[in-house]
Structure formats: structure tokens, C-alpha cells
Peer 1: 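The structure under discussion is supplied below as C-alpha cells; questions concerning it will follow.
Letters go in sequence order (proteins before strands), and every chain restarts at 1. For clarity, every value in this text was computed on a predicted model and none was experimentally measured.
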Number of protein chains: 2
Amino acid sequence: MEFKEAKNKFVQTWGALGSQWGINKTMAKIHALLMVSNEPVSMEDIMEELQISRGNASMNLRSLMDWGIVYKEYKAGERKEFFTAEKDLDELAVKISRERSKREIKPTLKILKEVSTIEAKDSAEEKHFVDQTTKLYDFVLKADNMLDKMTEFNDNWLGKLVMKMMK
Amino acid sequence: MEFKEAKNKFVQTWGALGSQWGINKTMAKIHALLMVSNEPVSMEDIMEELQISRGNASMNLRSLMDWGIVYKEYKAGERKEFFTAEKDLDELAVKISRERSKREIKPTLKILKEVSTIEAKDSAEEKHFVDQTTKLYDFVLKADNMLDKMTEFNDNWLGKLVMKMMK
DNA sequence: TTAAACTTTCAAAAATAATTGAAACATATT
DNA sequence: AATATGTTTCAATTATTTTTGAAAGTTTAA
């Protein structure tokens with residue numbers, strides 16, 4: 001396989017993966033493209049490489065910057081804007097994790113708290129509902145904290161210990 | 001808030017969450033409904049509660065069973081089929097985690113391996129590509145294993161240790 | 001202040017994904 | 001074997017999401 005083919009394959013694969021999670025395909029592709037580029041890329045080049053419109057490129061770059069995983073750069077002398085992706089993977093994971101927590105997990109926890117604290121009458125049905133949603137609340141909270149700590153303590157002894165556990 | 005309202009709120013919320021990840025909204029709603037039901041639910045009831053068609057219910061129940069998080073049950077004397085959800089959350093997490101790994105992470109790893117092992121010419125561009133995709137391969141592999149072990153060793157000392165770390 | 005270079009916005013169009021409903025398929029009952 | 005009860009499939013429809021492209025907006029420079 002030669003370089004151009006490999007690059008394309010990578011970008012398409014990352015795009016498909018993104019769409020399987022909540023991220024749109026083009027957004028993921030742009031991110032992929034930037035991750036494997038060794039220097040800042042202009043909007044023109046992104047449009048050209050991915051065959052997308054200016055509006056599309058602009059909107060998805062905006063989203064990526066909102067997520068904090070793509071940065072705008074200015075080259076001296078050049079009028080155009082250039083873009084780079086966060087390339088440090090640990091840092092990337094932290095940012096994605098934080099963002100998803102903020103956008104999805106926290107609001108969900110709020111609702112779970114609400115619905116799990118209704119006054120349960122004595123029907124088995126209602127008791128089960130309260131019981132199950134309470135467990136869910138605890139579980140989601142635990143998982144959220146865990147993810148948070150895991151990304152935070154990336155390179156330290158705990159991380160290494162966990163690594164060792166994996167043989 | 002009264003029971004019916006709380007139940008509905010929970011189902012809608014869980015549905016929205018699902019659609020934000022790769023799972024379709026109705027599928028997530030059915031799962032939510034079953035999780036908070038204290039006894040098996042018939043397809044009729046699911047259709048009624050979620051206001052969806054028979055075909056839709058059937059197809060999404062099939063998917064949920066493929067994921068291994070919903071089971072079919074037969075009630076003695078009844079001709080109809082009933083459905084229940086996996087209610088143990090640790091078990092649920094393990095199954096979802098395994099399934100996503102199989103469906104998404106493993107295929108991605110395969111591609112990453114492929115593209116990261118092209119013969120890099122000496123251009124900085126190609127070197128960076130190989131370097132970055134190799135790092136990505138290692139990272140994804142590490143994350144996949146970690147998730148696997150984490151779910152596997154759920155209740156044991158490692159889990160508890162990690163919990164303690166979180167204060 | 002005008003023009004040139006570039007970016008953003010957003011309504012309309014296109015693409016994609018989910019849903020319906022009725023026919024085909026199963027299985028149990030009479 | 002015929003009927004009744006229930007489930008699955010899938011082509012057509014409907015809903016949702018993404019993309020386009022041109023007008024409006026911004027910034028820099030002459």
C-alpha cells in the first residue's frame with residue numbers, strides 16, 4: 001500500500017467510526033486528516049482533499065474547535081487561516097472525555113436524580129422503578145468519576161499498575 | 001413528580017442518550033422501558049407505551065437481543081412472547097463493552113495496523129503519518145484492553161482500589 | 001473608502017436513517 | 001387440514017441529519 005492510499009483509508013475509517021458514535025462523519029474525517037498532517041492545513045486544502053463545500057468545512061471546523069481538539073493557526077505573511085489537530089493522544093482523550101461528560105453524562109445524571117427521587121407508593125412496580133433508577137444513578141456517577149480520574153492520572157503509578165494487571 | 005411522568009421522562013432521556021451514541025433512539029427507549037419494568041413486557045405493551053409500529057418493535061427487539069442485553073421469555077399458558085432487559089448494571093456494562101469492542105474497535109485496529117505499516121519514504125510527511133498512526137494503534141489497543149479488564153475485574157480488589165482513589 | 005481575500009451563516013436541497021404496515025411466515029389449537 | 005394467534009420481513013414512506021452554495025459578514029491593505 002502506498003502513502004496516498006493509506007492516508008485515504010485512515011481518513012475514511014476514522015470518519016466511519018466517528019459516525020458510529022455521536023460525531024458526524026465529516027467532522028471525524030477532518031479531524032483524522034489534521035491528525036496525520038505534519039503541518040497546518042488550510043480550509044482550501046481540506047475542501048479539496050475531502051471533496052466538501054466551504055460551508056461544510058467551516059461549520060465542522062467550528063465544532064472541532066468547540067470540542068477543543070482542533071486549533072486555528074495563523075502563518076506569518078499569509079492571510080488565510082490554517083488548522084491543526086491536538087496530536088497528543090492522552091490530551092485528546094482527556095478533552096473528549098471531559099466534553100462528553102459535560103454534554104451528555106452530567107445532564108443525564110440530573111434527570112436520573114430527579115426521577116429516582118419520586119415518592120414511591122407501595123406498588124411493586126413503583127418500588128422497582130425507584131430502585132433501578134437509583135442504581136443507575138450510582139452507576140453512571142461512578143463510571144463518570146472513574147473516567148475522569150483515569151484520564152487525569154494518565155501517566156502515574158496507578159495507570160502503570162493497571163497496565164501491569166493487563167499482562 | 002408522579003410515577004407515570006417520571007417513567008416517561010426516564011424513557012425519553014435514555015432514548016436521547018442512546019441516539020447520541022451509535023444506538024438508535026427507539027432501541028434505547030425499549031431498553032429503558034424494560035429496565036424499569038419489574039416483570040416481562042409483551043410486544044403489544046411496548047408498542048402501546050412507546051407508540052410505535054409492530055415492525056419497528058420487532059426489529060429493535062431483535063437488535064437488543066443480538067446485543068445480548070434483552071431476553072425473550074415465555075409465560076406458561078400464554079402464546080405471546082415477553083421480553084426482559086438485563087438489569088444487573090455491571091453485567092450490562094460488560095456486554096455493551098464487549099459488543100462495541102467486537103463491532104468497532106477490533107475492525108479499527110485492523111485498519112490502523114495496515115496503514116501504520118506502510119513503508120515510509122523519507123519525506124517528513126510520510127514519516128509523520130506512520131508515526132502518528134502507530135501511536136494511535138498502540139493507544140486504541142491499550143484503551144481496549146483496559147476497558148476489557150476493567151469490566152472483567154468488576155468487583156474485585158482492583159476495582160475497589162480504583163474506587164478508593166476517587167475519594 | 002474601496003476593493004480584495006477570506007470566513008461564516010443559513011435556507012433550500014440532498015443524502016441517510018428510521019418507521020410503517022401489510023404480506024409472508026410460524027406455530028399452536030380445534 | 002383449516003383456523004387462530006402471533007412474529008418477521010422488507011419495499012415504500014416519512015423523518016432526521018447533513019451538505020451545499022450563494023449572500024452577508026469580516027478583516028486587511030492600498
Peer 1: dG21(C) P sits how many Å from Met43(B) CE, rounded?
Peer 2: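 In whole Å, dG21(C) P lies 14 Å from Met43(B) CE.
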Peer 1: Which whole-number value in Å describes the distance from Ile52(B) CD1 to dA15(D) P?
Peer 2: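 Between P of dA15(D) and CD1 of Ile52(B): 16 Å.
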Peer 1: Of the listed nucleotides (dT19(D), dT8(D), dT7(C)), which one gets closest to any side-chain atom of Glu81(A)?
Peer 2: dT7(C)
Peer 1: Checking salt bridge (charged side-chain N to carboxylate O under 4.0 Å, His left out) for the pair Glu44(A)/Lys80(A): CA distance, chi angles, key distance, verdict?
Peer 2: CA-CA 9 Å; Glu44(A) 293 291 336; Lys80(A) 257 187 294 205; 5.9 Å; no
Peer 1: Using whole Å, what does the distance between atom C1' of nucleotide dT19(C) and atom CE of Met27(B) come to?
Peer 2: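 Going from Met27(B) (CE) to dT19(C) (C1'), I get 16 Å.
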Peer 1: Among dA18(C), dG6(D), dT7(C), which nucleotide has an atom closest to any side-chain atom of Lys80(B)?
Peer 2: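 Within the option list, the nearest is dG6(D).
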Peer 1: Does Lys72(A) place a side-chain N or O at less than 4.0 Å from the phosphate oxygens OP1/OP2 of dT8(C)?
Peer 2: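 Indeed, a polar side-chain atom of Lys72(A) lies that close.
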Peer 1: Measuring to OP1 and OP2 of dT19(C), would you say a side-chain N or O of Thr26(B) lies under 4.0 angstrom away?
Peer 2: yes
Peer 1: On the nucleotide dA4(C), are OP1 or OP2 found under 4.0 Å from the side-chain N or O atoms that Arg79(A) carries?
Peer 2: no
Peer 1: Would you mind reporting whether Leu136(A) and Val36(B) have side-chain heavy atoms less than 4.5 Å apart?
Peer 2: no
Peer 1: How about Trp67(A) and Leu64(A): do any of their side-chain heavy atoms sit closer than 4.5 Å?
Peer 2: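 No. Closest side-chain heavy atoms not under 4.5 Å.
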Peer 1: Within this structure, what is the CD-to-P distance between Glu78(A) and dA29(D), rounded to whole angstrom?
Peer 2: 12 Å
Peer 1: With nearest nucleotide decided by heavy atoms, which residue, Ala57(A) or Lys25(B), maps closer to the 5′ end of DNA chain D?
Peer 2: Lys25(B)
Peer 1: Of all the nucleotides listed (dT20(D), dT20(C), dT8(C)), which has the minimum atom distance to the side chain of Arg62(A)?
Peer 2: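 Nearest to the side-chain atoms of Arg62(A), counting from C-beta on, is dT8(C).
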Peer 1: Ignoring the backbone of Ser53(A), work out which of dT8(D), dT20(D), dT20(C) is nearest its side chain.
Peer 2: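 Closest of the options to the side chain of Ser53(A): dT20(D).
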Peer 1: For Asn56(B), which contact category applies under a 4.0 Å heavy-atom criterion: base, sugar-phosphate, or nothing?
Peer 2: base
Peer 1: Rounding to a whole Å, what distance do you find between Asn60(A):CG and dT19(D):C1'?
Peer 2: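 Atom CG in Asn60(A) sits about 9 Å away from atom C1' in dT19(D).
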Peer 1: Any side-chain heavy-atom pair from Ile46(B) and Leu61(B) closer than 4.5 angstrom?
Peer 2: yes
Peer 1: Using whole Å, what does the distance between atom C1' of nucleotide dT19(D) and atom CG of Leu61(A) come to?
Peer 2: 15 Å
Peer 1: Is there side-chain contact between Phe83(A) and Lys72(A), with heavy atoms separated by less than 4.5 Å?
Peer 2: yes
Peer 1: To the nearest angstrom, how far is Arg54(B) atom CZ from dA22(C) atom P?
Peer 2: 12 Å
Peer 1: Once you round it to whole Å, what is the distance between C1' of dT19(C) and CG of Asn24(B)?
Peer 2: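 Distance check: Asn24(B) CG to dT19(C) C1' gives 10 Å.
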